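Read the structure below first, then the notes.
Everything numeric here is computed off the predicted structure, so don't read it as measured data.
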2 protein chains.
Amino acid sequence: MTIGDAAKASGVNAKLIRYYESIGLIPEAGRTASGYRVYSPSDVNVLRFVKRARTLGFSIERIQILVGLWQDRSRSSAEVKRVALDHVAELEAKIAELRAMSDTLTHLAHACHGDERPDCPILRDLEEGGGHCCDEPPP
Amino acid sequence: MTIGDAAKASGVNAKLIRYYESIGLIPEAGRTASGYRVYSPSDVNVLRFVKRARTLGFSIERIQILVGLWQDRSRSSAEVKRVALDHVAELEAKIAELRAMSDTLTHLAHACHGDERPDCPILRDLEEGGGHCCDEPPP
DNA sequence: CTTGACCTTCCAATCATTGGAAGCCTTATC
DNA sequence: GATAAGGCTTCCAATGATTGGAAGGTCAAG
């Protein structure tokens, strides 16, 4: 299999496969006499694993660990679970951050007339740093 | 005020202030005879506006627009509201994406014993692409 | 033999921020 | 007046993951 075949079979872009190799996430592929990279079905499995892990938002760094555990027959599921739960904790933290942003803005937008007049609570919030509420103007 | 003073007063790092200037988000600061940047309290207001907008997750591109509207006395609040709601829509899309990741992983982690044995539903999901559930193994 | 589709490497851009290096300016102290 | 500390200047580079392009080599079919 060439890199293009592996890309189709795994769903990982050929360019990305080369990148993953360059950073050491996947081992260096074998080469034909003319220098083309060669892939086996087992290489494709690794690529699919990586792709699925990326879909779940794992960082490349954590995927390195997961691939290592995956290929380690003496792993404990506790190790895998810890990596996953660490990631879940980061996801939840990010969600909470975005949730707070969205709620604040939704609130401000709700208070904004949205007409042709220039007066706007959104701009007032940005101006004043968000340290107050529309019903409680700063002293 | 020097850039360091403006940084303290606005909460925006001096390095970041230079960056914002370089990309045209804020106008070029005046200079002393020796080349130091000079800032006025009104410049600090702009920096605070930018900082608050970044805290709410607005992209630099949208902040450009917001600053323009802020300083345009003939703006309509509808324009501001539209920019804000576009951003809210992006935030909600991102939240939904992260929520799906987190829920999937939480489910998988729940099904994982987390003990010293190697068997692990998390790794099985990554291996098989998540196209099935623990109770419904693939045919 | 030519065309087109593939492969190779290298370099650059994205987004927002941070870091460092090398060198100049200002202020305080001796 | 010399010197040291600390702030300022510019330029270059790195982050994370991915994508884009350019320039050139290789393979298969027509």
Report summary line: Residue pairs meeting salt bridge (charged side-chain N to carboxylate O under 4.0 Å, His left out), one or both in residues 62-84 of chain A, sequence neighbours left out, come to A/R62-A/E90
Query - Pairs involving residues 95-109 of chain A, ordered by first then second residue, that meet salt bridge (charged side-chain N to carboxylate O under 4.0 Å, His left out) (sequence neighbours left out) - result: A/K94-A/E97, A/R99-A/D103, A/R99-B/E92
Between atom [atom1] of [X] and atom [atom2] of [Y], what is the distance when rounded to the nearest 0.5 Å?
X      : Y      : atom1 : atom2 : result
B/T55  : A/D125 : OG1   : CG    : 10.0 Å
B/L123 : B/E128 : CG    : CD    : 10.5 Å
A/K51  : A/I63  : NZ    : CD1   : 11.0 Å

Report task. Kindly say whether B/L98 contributes a backbone atom to a donor-acceptor pair with the side chain of B/S102 at under 3.5 angstrom? Result -> no
Measure the distance from [atom1] on [X] to [atom2] on [N] and round it to the nearest whole Å.
X     : N      : atom1 : atom2 : answer
B/M1  : D/dG7  : CE    : C1'   : 15 Å
B/Y39 : D/dG7  : OH    : P     : 16 Å
A/E21 : C/dC7  : CD    : P     : 14 Å
B/I17 : C/dA16 : CD1   : P     : 17 Å

Establish, from distance only, whether the side-chain atoms of [X] and [Y] form a donor-acceptor pair under 3.5 Å.
X     : Y      : value
A/S77 : B/D119 : no
A/S40 : A/D43  : yes
B/D5  : B/T2   : yes

Query raised in the report: How would nucleotides 10-21 of chain D be written as a contact map, 5' to 3', with B for base contact, S for sugar-phosphate-only contact and - for no contact, using protein heavy atoms under 4.0 Å?
Result: B------BBSBB
Requested in this report: Find the bend of the helix from C/dC1-D/dG30 to C/dC30-D/dG1 as the angle between its two terminal axes (five pairs each), to the nearest 10°.
Outcome: 30°
Please tabulate, one pair per line, each protein N/O and nucleotide N/O from nucleotides 1-6 of chain C that are separated by under 3.5 Å, including the distance.
residue : atom : partner : partner atom : Å
C/dC6   : O2   : A/Y36   : OH           : 3.4

Query raised in the report: Should B/Y39 and B/I3 be marked as a side-chain contact (heavy atoms from CB on, under 4.5 Å) after you check the CA-CA gap, both sets of side-chain angles, and the distance that decides it?
Result: CA-CA 7 Å; B/Y39 295 87; B/I3 197 171; 3.7 Å; yes
Query raised in the report: Is any side-chain nitrogen or oxygen of B/S34 closer than 4.0 Å to OP1 or OP2 of C/dT26?
Result: yes
Query - ring pair (Phe, Tyr, Trp, His ring centres under 6.0 Å) partners of residues 84-106 of chain B, not counting sequence neighbours, each pair once - result: B/F58-B/H87
